[in-house]
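Have a look at the structure below, then the notes.
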Amino acid sequence: MDNQLDSVLRESPHRRFNPLGNEWVLVSPHRTQRPWQGAVEAVPPAQRPKYDPSCYLCPGNQRANGELNPQYHSTFVFENDFAALKKNVPAVRLDVENRGLLVAETEPGICRVMCFSPRHDLTLASMAAPEIEEVVREWSSQTKELSAVEGIHHVQIFENRGEMMGASNPHPHCQIWATGTVPQAPARELTAQKDYRQKHNSCLLCDYVALEDDRKLRVVCSNDSFVALVPFWAVWPFEVLVCSRRHLGSFTAMNANEVPQLSAILKQITATYDRVFDVPFPYSMGFHQHPFDGAAHDEWHFHAHFYPPLLRSATVRKFMVGFEMLGTPQRDITPELAAEKLRSLAESK
Ligand SMILES: [Zn+2]
Ligand SMILES: [Zn+2]
Ligand SMILES: [Zn+2]
């Protein structure tokens, strides 16, 4: 039966269900069988200096608000000078005439910027393993600190890499947005994981990882504590989902063993990405942890998403327009082919 399923998935237009996001994706495998065999335009990597005097994230430099960065040696965290959210906003909810049509509410939040390294020229792919472990430990302590702030119920850690993804500065860094409400994407995943737990009395992602681990078809790389795979329902051409093998809900629940294992898999994925088109691969990535609202959230399974926009070469990007904007997201290269490509590049090093 698996064989028949495989040939349908390989050859026929079909749609796949994303049980985590509770949405569908349209897959059109007949449109491109082997897209990466086309022209690959190698773009020479920009040589960046270790220190850039004009970078607002480099040690000792001045930021837009006039403050000087310290001479930091590992990670460095500060409140975003242009924060999208503020901690102290009056709690207000509007619903004009109580008709549910003109609804708004204030959203308290804290936005921080976190540099991964004092080195302007490094990336997660080129940083040494112990340096990435420092980053993971800082993500954990930031989660702990921010989730303890009154009125904060969710901590979103994310990295935008590359100009294509709107990253304004190549210095290796991420952002941490802590909010009063659970943002839209994790809120959908919360409902999906709760429903699955209720129906099956087990965890959605534990069960999913077990299925993928058996088949190996979509696994890119893995170690004792984490699995990186192209999800069955991936929308972006080289989308990757990273799941912990152990059922844990957040950074703060990670044990001492899992820190180096997460660091290793992050380095492996980002280095693999850079080999796909021989360019620094742009992406948005982020971790999804359970809400911090006082409940146990045993249904939640810690994971990370990588969403890279590149399609066929370093310069051809995927746009979410037309049917994707108005209907359902669509992809040509199948998740299985994307996984095969990434897996071969992950193993080649
Ligand atoms: Zn810099
Ligand atoms: Zn689980
Ligand atoms: Zn998620």
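Basis for what follows: all heavy atoms, side chains included, without hydrogens, waters or symmetry-related copies. Order of appearance sets the numbers: ligands from 1, and atoms from 1 within every ligand.
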Q71-H73 side chain donor-acceptor pair, cut-off 3.5 Å: no
C203 near the Zn ion (ligand 2) via N/O/S, less than 2.8 Å: yes
Flag if over 12 foreign heavy atoms under 6.0 Å of CG, N201: no
Of the protein N/O/S atoms, how many lie under 2.8 Å from the Zn ion (ligand 1): 4
Under 3.5 Å side-chain donor-acceptor pair for R112 and N80: no
Angular separation of E189 OE2 and H305 NE2 about the Zn ion (ligand 3), given to 10°: 100°
Side-chain H-bond candidate by donor/acceptor type, T179 with T181, under 3.5 Å: no
NE2 (H303) to the Zn ion (ligand 3) to ND1 (H288) angle, given to the nearest 10 degrees: 110°
Same apolar cluster (I L V M F W Y, side chains within < 4.5 Å links), F287/M127: yes
Flag for S284-E159: side-chain donor and acceptor within less than 3.5 Å: no
Shortest-distance N/O/S atom, H301 versus the Zn ion (ligand 2): ND1
Donor + acceptor pair across side chains of Y56, D81 (<3.5 Å): no
Residue H247 atom name (nearest to the Zn ion (ligand 2); N/O/S): ND1
Listed partners of H305 passing side-chain hydrogen bond (donor to acceptor under 3.5 Å, both in side chains), at least two apart: E189, H288, H303, Y307
